[in-house]
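Below is one structure, written out as structure tokens; the observations come after it.
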Amino acid sequence: MTTPDDTRAAQNGEAGCRAGGKRVAVVGATGAVGRTMLSLLRERAFPAEEIVLFASARSAGTQIDGRTVQLLDEHADLSGFDIALFSAGAGTSRQWASQFVDQGATVIDNSSAFRRDPDVPLVVSEVNPHALGRHHGLIANPNCSTMQLMVALAPIHRAVGIERLVVSTYQSVSGTGQKAVAELEGQAHASLHGMDMPAPDIYPEPIAFNVIGAAGSFADGDDHTDEERKMMFETRKILEDESIGVAVTCVRVPVRICHSEAVNVQTREPLSAEQARELLANAPGVVLEEVPTPLRAQGRDEVFVGRIRRDESHPRAVGMWVVSDNLRKGAATNAVQIAELLGADRAGVPVG
Ligand SMILES: NC(=O)c1ccc[n+]([C@@H]2O[C@H](COP(=O)([O-])OP(=O)(O)OC[C@H]3O[C@@H](n4cnc5c(N)ncnc54)[C@H](OP(=O)(O)O)[C@@H]3O)[C@@H](O)[C@H]2O)c1
């Protein structure tokens, strides 16, 4: 028998929804992360009674999966949402997230707007879900490069303590959004067809057949990029240890999806490569491989770790190579996992 809820779910194109589920707002639904969040809500059969899509005037009125994208402006109805998943840039989050919270929603924000706020938990679902217990309506999702690093390093930090990290990232262009993917493809196409590459717009240099040794932007007077600062700050906040040294170089490479990281981990207690492998073999969300690659990790939710080896230059250091899909675990998957954990908490299952 078809119930009114079933009918509404069918009208909204929602596979896997069940009666009494959540009302979910997806802000930035037309973007690289937003579209991935919509796929994940469907794939994971998130118990959504209704999903409402929001974006700017650029794409309001367009259709995604049979739903019409709503304009997020002062006329938008923000009432009655249980969860609002934000991925529309820090400015949009600063302007609109608290308005959703005031109307009763819990906001899970992918932008950098609130990550440094001590009152806002910064959560990786496998690492510090206990931090959700102290949220006041706002929860921040970490930066994509930090996210995958934390999944790989938290088991090591818990076991032997991390003293210092030296990380170099190889970040894909989808980390900068859909326009950056189009920029890479346009430049690559032109170059392969003997034409002049279109001038760079998103990045300061062409990204096709190139490597840009400073991913992110430089704030006034800073010799580190904002991406590098995010990894330094967020690592310490998530691992709840201000003493961890973090040296990082963020690099943009001409890869569509998946960030890779070369990581040197200096531990407090001794840790052999074999012990590191054992710790990570049993770690949630981690898959061990010889040499993970972006093309193999794309579309997957796990963090792939390989090349675990002793650093022969230091008595307490190991090296590793960490790859993960920045749109999935680096953003959308973690946001949906947090929404699932919140649901579990409400149902009486303690978070963490
Ligand atoms: N890409 C990643 O790997 C990644 C990982 C972690 C976190 N993040 C964060 O997630 C956010 C989105 O990134 P993205 O890569 O998905 O970017 P994107 O592909 O450029 O998409 C941006 C989205 O935001 C919407 N938007 C922009 N301004 C808006 C406004 N004033 N009101 C409502 N919607 C607005 C856009 O809507 P229109 O279609 O109307 O323009 C679009 O849906 C950023 O804060 C980013 O830092 C991204």
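Along the sequence shown, residues are numbered consecutively beginning with 1. For ligands, and for the atoms within them, numbers begin at 1 and follow the listed sequence.
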Numbered atoms of ligand 1 (with element) below 4.0 Å of G89, judged on heavy atoms
11 (C), 44 (C), 45 (O)

Just which atoms of ligand 1 are under 4.0 Å from any heavy atom in L327?
1 (N), 2 (C), 3 (O)

Atom 13 (O) of ligand 1: nearest protein contact (heavy atom, Å)
V33 CG2, 4.1 Å

From the options I64, N110, T92, select the one whose nearest heavy atom is closest to atom 31 (N) of ligand 1.
T92

Rounded to the nearest 0.5 angstrom, the CG-CD1 distance for D109 and I338 is 10.5 Å

Below 4.0 angstrom, N of the basic side chain to O of the carboxylate: do K237 and E234 qualify?
no

On the 0 to 90° scale, with breaks at 30° and 60°, tag the F100-F81 ring pair as parallel, tilted or perpendicular.
tilted

Give me the nearest non-hydrogen protein atom to atom 12 (C) of ligand 1 as residue plus atom name, then the distance to 0.1 Å.
S87 O, 3.2 Å

For S111, atoms of ligand 1 separated by under 4.0 Å from a heavy atom
45 (O)

Is it true that R115 and T146 share a donor-acceptor pair across their side chains at a distance under 3.5 Å?
no

State whether any protein heavy atom lies less than 4.0 Å from atom 23 (C) of ligand 1.
yes

What is the distance from atom CD1 of I308 to atom CD of E278, rounded to the nearest 0.5 Å?
10.5 Å

With a cut-off of 4.0 Å, which atoms of ligand 1 are near a heavy atom of G330?
5 (C), 6 (C)

Taking every heavy atom of E289 against every heavy atom of F304, the minimum-distance pair comes out as OE2-CD2, 3.6 Å

Rounded to the nearest 0.5 Å, the NZ atom of K329 sits from the SG atom of C258 at a distance of 14.0 Å

Among protein heavy atoms, which sits nearest to atom 43 (O) of ligand 1, and what does the distance come to when rounded to 0.1 Å?
T30 OG1, 2.6 Å

List the closest protein heavy-atom neighbour of atom 3 (O) of ligand 1: residue, atom name, distance to the nearest 0.1 Å.
N326 ND2, 2.9 Å

min-distance protein heavy atom vs atom 26 (N) of ligand 1 -> A88 CB, 3.7 Å

Below 4.0 angstrom from a heavy atom of A331, which ligand 1 atoms are there? Numbered from 1 as shown, please.
5 (C), 6 (C)

Out of S145, S172, P294, which residue meets the side-chain contact (heavy atoms from CB on, under 4.5 Å) rule with N326?
S172

Which atoms of ligand 1 are found less than 4.0 Å from any heavy atom of S174?
1 (N), 2 (C), 3 (O), 15 (O)

So is there a nitrogen or oxygen of S112 less than 3.5 Å from a nitrogen or oxygen in ligand 1?
no

Nearest protein heavy atom to atom 17 (O) of ligand 1, by residue and atom, and its distance?
G177 CA, 3.8 Å

Between ligand 1 and A57, is the shortest N or O to N or O distance under 3.5 Å?
no

Return the minimal non-hydrogen interatomic distance between V322 and Q148, and the atom names on each side.
O-NE2, 3.2 Å

Take D65 and R42, measure what salt bridge (charged side-chain N to carboxylate O under 4.0 Å, His left out) needs, and give me the verdict at the end.
CA-CA 11 Å; D65 294 346; R42 194 171 49 239; 2.7 Å; yes

Please say whether H259 places an N or O atom under 3.5 Å from an N or O atom belonging to ligand 1.
no

Atoms of ligand 1, numbered as shown, that sit under 4.0 Å from any heavy atom of A55:
33 (C), 34 (N), 37 (O), 40 (O)

When you check the side-chain N and O atoms of S125 and Q337, is any donor under 3.5 Å from an acceptor?
yes

Identity and separation of the nearest protein heavy atom to atom 28 (N) of ligand 1:
R58 NH2, 3.4 Å

May I ask you to identify the nearest protein heavy atom to atom 40 (O) of ligand 1, giving residue, atom name and distance to one decimal place in Å?
S56 OG, 2.5 Å

Between D301 and R328, is there a salt bridge with N-O shorter than 4.0 Å?
yes

